[in-house]
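Here is the structure we will look at, set down as structure tokens.
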Amino acid sequence: MMAAQFPLDLVEELEHTLPSYQFLVPSPVIFELEKIKKRSKGKNKIAASIALKIAKSPPFKLKEIELSKGEMVDDALLRISRVLCTNDRELRTRARKKGITVVYLRQKRYLAVDGHLKI
């Protein structure tokens with residue numbers, strides 16, 4: 001949802017930061033954004049709507065994944081990711097502990113990479 005919250009062209013920044021990567025959005029993330037959009041009002045509802053629009057547009061591709069019994073969306077992301085784009089501090093910490101490279105928004109202006117990228 002950071003694309004709607006900060007003055008940043010997320011798609012352009014991702015393509016610049018990760019030029020040889022394919023951008024996949026796991027289906028549980030789409031479902032989570034849809035829930036946020038339905039439950040929220042004001043800025044959060046608008047941010048979720050924009051995030052959904054971006055996630056469903058090129059260069060992003062939907063990746064259907066199943067959640068294991070009792071598995072949360074964050075756990076599934078950690079299970080399937082080699083590179084993860086998130087601003088969730090707890091998720092970033094958990095990802096780095098598992099050796100997953102993390103891309104995140106820094107100073108509300110640009111993307112930073114924590115870890116190693118294979119280009």
Side-chain angles (χ1 to χ4, degrees):
M1 292 187 347
M2 68 178 123
Q5 297 168 330
F6 304 108
L8 170 80
D9 184 336
L10 180 63
V11 175
E12 184 179 309
E13 285 293 317
L14 280 169
E15 290 176 332
H16 176 74
T17 304
L18 305 166
S20 61
Y21 282 74
Q22 185 177 30
F23 304 117
L24 304 176
V25 180
S27 52
V29 171
I30 298 292
F31 300 140
E32 193 170 81
L33 286 170
E34 288 171 344
K35 281 186 207 173
I36 292 169
K37 182 180 171 184
K38 285 180 184 177
R39 287 188 306 218
S40 300
K41 294 180 181 178
K43 290 180 183 181
N44 286 339
K45 184 173 187 148
I46 292 168
S49 295
I50 293 170
L52 277 166
K53 185 176 180 180
I54 292 170
K56 292 178 177 181
S57 302
F60 300 99
K61 295 179 183 176
L62 179 65
K63 179 176 176 82
E64 292 289 338
I65 66 164
E66 295 289 325
L67 293 178
S68 301
K69 186 174 181 173
E71 185 177 45
M72 302 300 290
V73 174
D74 287 359
D75 298 325
L77 291 172
L78 294 172
R79 176 173 47 88
I80 67 167
S81 298
R82 285 183 273 155
V83 177
L84 180 63
C85 183
T86 184
N87 251 23
D88 181 311
R89 184 166 289 178
E90 181 182 330
L91 183 56
R92 284 178 18 204
T93 300
R94 290 176 61 200
R96 288 304 302 137
K97 285 180 181 176
K98 289 186 158 268
I100 299 168
T101 300
V102 178
V103 178
Y104 62 98
L105 184 64
R106 184 149 187 158
Q107 297 178 354
K108 300 179 183 177
R109 292 192 320 250
Y110 64 93
L111 296 179
V113 177
D114 186 7
H116 300 287
L117 294 173
K118 295 178 183 172
I119 298 176

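Residues Tyr104 and Thr86 come closest through the heavy atom pair CB-O, 3.1 Å. Taking all atoms of both residues into account, the shortest heavy-atom contact from Ser81 to Leu77 is OG-O, 2.6 Å. Arg92 and Asn87 make their closest contact through NH1-O, 4.0 Å (heavy atoms, listed as atom of the first residue, atom of the second, distance).
With values rounded to the nearest 0.5 angstrom, Lys38 atom NZ is found 10.5 Å from Lys45 atom NZ. Here the straight-line distance linking atom CZ of Arg96 with atom OG1 of Thr101 works out to 5.5 Å at 0.5 Å rounding. Rounding to the nearest 0.5 Å gives a distance of 11.0 Å between CZ of Arg109 and CD of Glu13. For the atom pair Leu24 CG and Cys85 SG, the distance stands at 12.5 Å (nearest 0.5 Å). With rounding to the nearest 0.5 angstrom, the CG atom of Leu78 is 12.5 Å from the CE atom of Met72.
The side-chain hydrogen bond (donor to acceptor under 3.5 Å, both in side chains) test applied to Arg82 returns no partner, not counting sequence neighbours. The side-chain contact (heavy atoms from CB on, under 4.5 Å) test applied to Glu12 returns Asp9, not counting sequence neighbours.
No donor-acceptor distance shorter than 3.5 angstrom exists from the side chain of Asp74 to the backbone of Leu91, with no hydrogens or angles considered.
Looking only at side-chain heavy atoms (C-beta outward), Ile100 and Arg94 stay at 4.5 Å or farther from each other. In this structure, Val73 and Phe31 have side chains that are not in contact, with every pair of non-hydrogen atoms separated by 4.5 Å or more.
Open room surrounds CD on Glu90; 12 or fewer heavy atoms of other groups in view lie less than 6.0 Å from it. The 12-atom threshold is exceeded at CZ of Arg79, counting heavy atoms of other residues, nucleotides or ligands nearer than 6.0 Å.
Residue Leu14 is tested with Thr17, Leu10, Val11 for a side chain to side chain contact (heavy atoms under 4.5 Å, CB included); the sole match is Leu10.
One hydrophobic cluster, built from ILVMFWY side chains closer than 4.5 Å, holds both Leu33 and Ile46.
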Scan the side chains in residues 54-68 for donor-acceptor partners under 3.5 Å anywhere in the protein, sequence neighbours excluded, and list what turns up.
unit_1: Lys56; atom_1: NZ; unit_2: Glu34; atom_2: OE2; d: 3.4
unit_1: Ser57; atom_1: OG; unit_2: Lys53; atom_2: O; d: 2.7

